[in-house]
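Everything on this sheet refers to the single structure shown next.
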Amino acid sequence: MSNDTLTHSLTFTEAPAALTVVVDPTPQIARGSAVVVERRRPKAAGWSLLQGLGVVVDHWRKSFRKLDDTTQIAGTFTTEYPEERLPLPEAYRNMPILLFDDATGHELCTSCFQCQRICPPQVIHMTQAKDPDTGKPVPAVSEFIIEYDACMSCGFCAEVCPFDAIKMDHNFELSTADHSSLTVHKTDLLRPISYYQSIAPTFWAEAEASAYKKLETNKKRRPATIGIAPQMLAQLKAAHELRDDQQEATMPTTAVASAPAPATSSAAPPARSAALAASASDLPTDKAARLAAIRARNEAKAAVQAAPATASAAPAASDGGDLPTDKAARLAAIRARNEAKKAAEQAAAAEAAPTLATPDMPPTDVQPAASEQAAPPAPTVPDASLDEKAARLAAIRARNEAKKADEQTAAAGAAPTLATPDVPPTDVPPATSEQAAPPAPAVPDAPLDEKAARLAAIRARNAAKKAAQAEGE
Amino acid sequence: MSAVPLEWVLMLASGLFCVGFFGALSRRHAVSMLMGIELMLNAVNINLVAFWRYTQPDEVGGIIFALFVIVVAAAEAAVGLAMAIAIYRTWQTVNVDSVDSLRG
Amino acid sequence: MYDVVDFILNTQLGLNSPDWVVMLISHLIVVAILFAIAPVQVLFLTYYERRAIARMQDRVGPNRVGYEGLLQPIADGVKMFTKEDIVPVSADQRVHLLAPIVTAAPVMYMFAVLPWGPNMIAVDLPTGLLFFFAISSISTVGLLMAGWASNNKFALLGAMRAVAQVVSYEIPALLSLLFAVMLTGSMSLMAIVEAQSGLFISTTDVPNIPDLGLGWFVFTPVGFLAFVCFFIAALAEGERTPFDIPEADSEIVAGYMTEYSGMKFALFYLAQYILNFLLCAITATIFFGGWQGPGIAWLVSQSLSADNPAGNPVYNVLAGMLGTFYLLAKTYAFFFVMVALRGAFPRLRIDQLMNFGWKFLIPLTMINILSAALWIAITRWGTAQGFGIIEFAGEPSNLVRWLIAFAVTLVINVAAYWFLARLNIQDHVARQAALAAGGLAVSPPRSA
Amino acid sequence: MDLVVQIMFGVTGLLILGAALMVVSVRNIIHAALWLIACFFGIAMLYLLLHAEFLAIVQVLLYIGAVAVLVLFAVMLTRQIDDPDEPVLFQRWRSTLLIAVLLFAAVLVPTIYTHDWQTFTDPQPTFAGPRELGFAFMNAYLLPFQIAAVLLLAALVGAIIIAMEDQEQRRVRVLTLAEEVALRREREPSPPARSAHPQPTSSSTTPPPVPPAHEQAGEGA
């Protein structure tokens, strides 16, 4: 080894600075070499010890305020995990899940065995479904098993899947005392597409766009054979009819009765009264509405003290274009919805079932359920980061309240509607009639959809709370 | 302390002395011999304090002498143990009957 | 406590108990109180340390169990108690069992001589200070037992390091405390605390100073240097960073505690934290006036005592509470400094530790004793004691004497510090130069 | 009250004698040292019974805290493989035992019991506290005090010299990377391209010492 691989431009300057400055502006320290920095001895022995102690005590003093950004050196920046959560990046991947279509319950997997083949730890197992009449294999799975305990989250399965049927989930809280529960079967693997959209919107949009592109190409190439499969047509038709029936049924009765199919779990795809295939253009509205629901609710709460209740249209809180905000809010909405789902499961025992918080329908006119404090005008919050925090806060609160409501509804018979600005395209009558409130003015304008949704969210939320309280009493 | 006669304390000290005597003369390990010597010194100390207590409680001479004995014992222990370590380093043993060579 | 028990047993209940029964019962009660306090202190100290060090490292620290994590030490304790007690097969079973007991028991004794407030002390031994350090030296035997009985080389190394360190640093610790014994003429901790009344100047030196309980020894150059030396030595005795060489986890696992688990480990832990608490408390007592503080003197003057039979016993209680508060506040402040030191400094090497102790601290404390002697000579002695220099220019007042003593000792101590530090640094530099010249790693070679 | 004192004396005496017997009889030398500590502790208790409080504390501080710990330390430093066949006692131990027992039974016991001790028991003895002892040391016993100080100093120096190792036998320290680099730079002339390296002054903290053996072996590779 020669000398120049060992040493680098280190200098012992006579500069009065305490530390010697390395002359080279871009120091490139070779492997195996060391830079010797000469320090000037302090005048008084022991003084540097006190200085070191001072640094530590200074950190201690500054640590009592929370850091807002990470550019500062001193101050705590701990995220208190179960209560506070950092937004997960979209590309975060934990365990694979299977997707099915929200509207039809159609599972995307065709049992092509690509994922099973590529899986490095060999934890994916599947059985191809067979036509019960003919006994011939059909492009669907009858059983699909992933051993989560041995899965290494490499994401190869999602990578190779030609039908976007297998995707990587964001849920990382998988710890359990029951080892066998980590061998997950198809019923527990299935998630609706809307769920995946909520956790990875851009990825899903890309996937969808490429799928459409492919479809278009195929249509051009083989126009005769490409189209919607006949069995799917039947399903779609049934779904349409069901939705129409529901709309009729919902008109005079309560909102909670509007969803006859109890949303027990995602495994049993609910025949929801929804648009057949949610077009890509609908999606942003959908998301924005959900986001808006959370935000508006939060802002409304904040503004309750400030402004008296005037049930006018709430001005737009902020634009939905801000991506991190968007995500956080979406996450919040998802969580709220999960809680609502739980509530729903319990309430399903009662005669009425609540609807899920999937605001997939363009809401037109929503009547407030109970509104002494109905929707005060929410102030515009321009700061994106604040907004994001608020959204997260809202998620926590929403969950807590949902839980409360859940407990109370379990006791009573009626189920409250949770943050659901979705289902009835017409009026939603009050959940509990003794708390009836003046109807809110209709919001006919199309661009105001979002606002209306927000408003509806607030009202629904309040209603839920009130109802829960009333039932509890 | 009138309940305990002086003879009892002296008997105890003499017993301790004899035990230490036996230990100092019969153990092969150098440090063990040193321990025997410490026991003997302590027996002497007990005597000194007992005589101070029973015959001259107005003076502090007995205590002073006991303190001197302690000082000497400490010095002796320090030097003795240093010797034990030096012996061990040279002969790889501290059994005093193994250290019989004049090579130094 | 004796009076209270005597009052209840003989006057109230009419039992006519003999003297020694009353004494036994009263001592048992005091001991019970102290033994209940000690583990609670340890519980709180562990929490306090973890929170403080977390803050210093920009973390939050344990805040889950209970309000702000206050119950965390209890959770830790439960964890400790329910752990399996593992004893190595080749260990010396009896010694292995005895070692934590021998380590933990003596530190409990040390509470006996600690004054908590005016007239609040378990035993006011005339040799209290010596007792304190004599008892603490028994603990080292326990460490050695633990290290040897574990039959583990890390444990043995840790024990040897611990003993070498503790025995070495006992000398500067005791030497630095000698000034207090000289100034008060007593080894009783109560007397040492009582001597520290006044306002920046002790009433023992200048009697007409207003008594605000602030005549602490640390305000004199002698006391300040002794405080610095003692606190450093106390860190080494309590095996605190930067002197935690015996349990340097990056080198020798956990030192003498390597082979211990469960309750036995908890006992070591307990002993260590009680020792740390007591070292902080003794620092506060000797240098920072212990329970002395503003208001104590007034409360004591109002309270019931043999001199003041017309006093109100309520003031006794108030004085005790205030005194205990002052003592604990000072103690926790010192513990905070210990924690900050832990956060700030890396661990020393064993040779650095020994060099520092023997070549710097011990000479410094010896010079400090000289300063203390001069202090006494200047402030208290006259021609009658054969020290007439100070009275050369007439009959100086106490304050003038105090000021002269302050100046003289300040000059001596600063010069000693500067000189010794320079000497040690020069020694270090010479050593490094010898290394550079291809000399030996540890010390210059002998001529023959 | 008398009985209490007698019982305490009995317990203390049993502790002292029993521990001393264990010291000279147990096989394991570490156990012997631990028993020695127990014996010292018993002696400290005896001093307390004899109203020599200061001495009791000094006993604990010096004998337990220093001497016994030093003994343990020395035993551990000179630890050898414990051979169960090797005797711990000399061949002559029986004669030694005989002499010790005879000394005790034939000389000391009769002497103690036949001598007429001129004792008086003082219920309130003068307290021999640190203050009184200090005055005694500085006045009547000043010369012995100084001699003891010189003795201690001599013992300190002697112990250090006896136990000091030969310098040549010390192991060579393993160098840090910075030290190695500094050493190399010193041995090889620095290349002209990097002439901007003034030699460190003598007060520099760079410590370049002896290269360890492995270093030279790895040089050619």
Side-chain angles (χ1 to χ4, degrees), chain B residues 1-4 6-12 14-16 18-23 25-29 31-32 34-36 38-39 42 45-46 49-50 52-55 57-58 60 63-64 66-68 70-79 81-86 88-89 93-94 97, chain D residues 2 5-6 9 13 16-17 20-21 23-24 29 32-33 36 39 43 46-47 49-52 55 58 62 66-67 70-71 74-75 77-78 80 88-90 93 96-97 100 103-104 108-109 112-113 117-119 121-122 125-126 128 132-133 136 141 144 148 151-152 155-156 158-159 162-163:
Chain B
M1 212 40 203
S2 57
V4 179
L6 175 60
E7 284 84 1
W8 292 18
V9 188
L10 295 184
M11 286 295 297
L12 175 61
S14 62
L16 185 62
C18 290
V19 171
F21 179 78
F22 170 73
L25 286 190
S26 65
R27 300 275 293 200
R28 291 175 72 218
H29 200 285
V31 180
S32 287
L34 210 66
M35 288 192 230
E38 296 290 344
L39 287 181
N42 269 282
N45 257 1
I46 294 176
V49 178
W52 161 77
R53 174 72 188 85
Y54 284 91
T55 60
D58 300 330
V60 290
I63 300 268
I64 294 274
L67 283 172
F68 279 130
I70 289 179
V71 166
V72 172
E76 173 247 327
V79 176
L81 293 172
M83 282 173 68
I85 290 171
Y88 177 75
R89 198 177 295 132
T93 181
V94 271
D97 54 348
Chain D
D2 281 359
V5 174
Q6 279 171 358
F9 178 80
I16 293 172
L17 279 183
L21 281 172
V23 170
V24 297
I29 185 146
L36 185 71
C39 182
I43 292 168
L46 186 66
Y47 289 159
L49 278 177
L50 290 167
H51 285 105
L55 202 59
V58 169
L62 275 179
V67 173
L70 211 61
V71 166
V75 171
L77 280 178
T78 61
Q80 48 194 350
V88 291
L89 300 178
F90 285 120
W93 71 271
T96 319
L97 182 62
L103 182 68
F104 182 70
L108 292 175
V109 175
I112 288 168
Y113 275 100
W117 303 104
Q118 297 292 324
T119 63
T121 46
D122 180 13
T126 315
E132 291 77 12
L133 287 171
Y141 298 93
L151 174 74
L152 272 181
L156 185 69
I162 290 171

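No hydrogens, no waters, no symmetry mates; every other heavy atom, side chains included, goes into these values. To find a chain, count down the sequence lines: A is the first, B the second, and so on, and within it residues start at 1.
Interface remark: D/I43 contributes side-chain atoms only to the contact with chain B (heavy atom separation under 4.5 Å). For a residue to count as touching a neighbouring chain, one of its non-hydrogen atoms must lie under 4.5 Å from one of that chain's; by this rule D/L103 touches chain B with backbone and side chain alike. At a 4.5 Å heavy-atom cutoff, the contact between B/F22 and chain D is made by backbone and side-chain atoms alike. Of the two parts of D/A66, neither the backbone nor the side chain holds a non-hydrogen atom closer than 4.5 Å to a non-hydrogen atom of chain B.
Side-chain contact between B/S32 and D/I29: present, with at least one pair of heavy atoms (C-beta onward) separated by less than 4.5 Å. Considering only heavy atoms from C-beta on, D/L46 comes within 4.5 Å of B/L12 through its side chain. Considering only heavy atoms from C-beta on, D/C39 comes within 4.5 Å of B/L16 through its side chain.
Between B/E76 atom CD and D/L151 atom CG the span is 10.5 Å, to the nearest 0.5 Å. D/L36 CG to B/L39 CG: the interatomic distance, rounded to the nearest 0.5 Å, is 5.5 Å. Summarising the geometry, atom CD belonging to D/E132 is positioned 10.5 Å from atom CD1 belonging to B/I64; distances are rounded to the nearest 0.5 Å. Of the inter-residue distances, the one linking B/I63 atom CD1 with D/Y47 atom OH reads 9.0 Å to the nearest 0.5 angstrom.
The two residues D/A100 and B/C18 make their nearest non-hydrogen contact at O-SG, 3.6 Å. The two residues B/L81 and D/A74 make their nearest non-hydrogen contact at CD2-CB, 3.4 Å. Contact between D/V67 and B/A74 at its shortest, heavy atoms only, is CG2-CA, 4.1 Å. Minimum interatomic distance between B/M35 and D/V71 (heavy atoms only, all atoms of both residues): CE-CG1, 3.9 Å. The shortest non-hydrogen separation linking B/G23 to D/V24 is CA-CG1, 3.3 Å. Looking at every heavy atom in both residues, D/L17 comes nearest to B/G15 through CD2-C, 3.8 Å.
Annotation for B/M11: atom CE counts as buried by contact number, over 12 foreign heavy atoms lying within 6.0 Å.
Options B/V31, B/L34, B/L67, B/V72 differ in how many heavy-atom pairs under 4.5 Å they form with chain D, and the most are formed by B/L67. When the candidates B/W8, B/F21, B/F68 are compared by the number of heavy-atom contacts under 4.5 Å with chain D, B/F68 comes out ahead. With chain D as the partner, the residue from B/M83, B/E38, B/E7 showing the most heavy-atom pairs under 4.5 Å is B/E7. Counting heavy-atom pairs closer than 4.5 Å to chain D, the top residue among B/A77, B/S14, B/A75 is B/S14.
A search for side chain to side chain donor-acceptor pair (under 3.5 Å) contacts involving B/N45 returns nothing, not counting sequence neighbours.
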The test is side-chain contact (heavy atoms from CB on, under 4.5 Å); show your working for B/I70 and D/L55 and say whether it passes. CA-CA 10 Å; B/I70 289 179; D/L55 202 59; 4.1 Å; yes
